[in-house]
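Below is one structure; the comments refer to it alone.
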Amino acid sequence: MPVPVYGDAGQLGVGTGSSATTRFNFGRSTLAVDEQFIDCNENRGTRSHDIALLRQGNRRVMGQLEFKPTALDLATLLPWALGGTGG
């Protein structure tokens, strides 16, 4: 089964809620989504596949993200990444 590759929007962001409040620009990205599906059509007595018996399995985001942060970017990003509160 081919692996779908999703595009990126060109920005990376962090925030305290579900949306990013601080955005960082990055240069290059090789991010991709790897999805696995579980086929539950084994013992039905037929060779045809029923799409209703296909289940979503593991989903992983993989790849690299390259950006060159400024001092202000690092002052925001490092406390967030290390679990601190920032100052």
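The nearest pair of heavy atoms linking P69 to L74 is CG-CD2, 3.7 Å. Residues L54 and D39 come closest through the heavy atom pair CD1-CA, 4.0 Å. Here the closest heavy-atom approach between residue M62 and residue D34 is recorded as CE-CB, 3.6 Å.
In this structure the side chain of Q36 reaches within 4.5 angstrom of the side chain of R60, judged on heavy atoms. Taking the side chain as every heavy atom from C-beta outward, F37 and N58 never approach each other to under 4.5 Å.
Side chain of T30 to backbone of G63: no donor-acceptor contact under 3.5 angstrom is found. A donor-acceptor pair under 3.5 Å is formed between the side chain of R55 and the backbone N or O of A52.
Each of L78 and F67 belongs to its own hydrophobic cluster when Ile, Leu, Val, Met, Phe, Trp and Tyr are linked at side-chain heavy-atom distances under 4.5 angstrom.
The distance from the CG atom of L65 to the CZ atom of R28 is 10.5 Å, given to the nearest 0.5 Å.
Counting non-hydrogen atoms of neighbouring residues, nucleotides and ligands closer than 6.0 angstrom, the CD atom of E66 exceeds 12 such neighbours.
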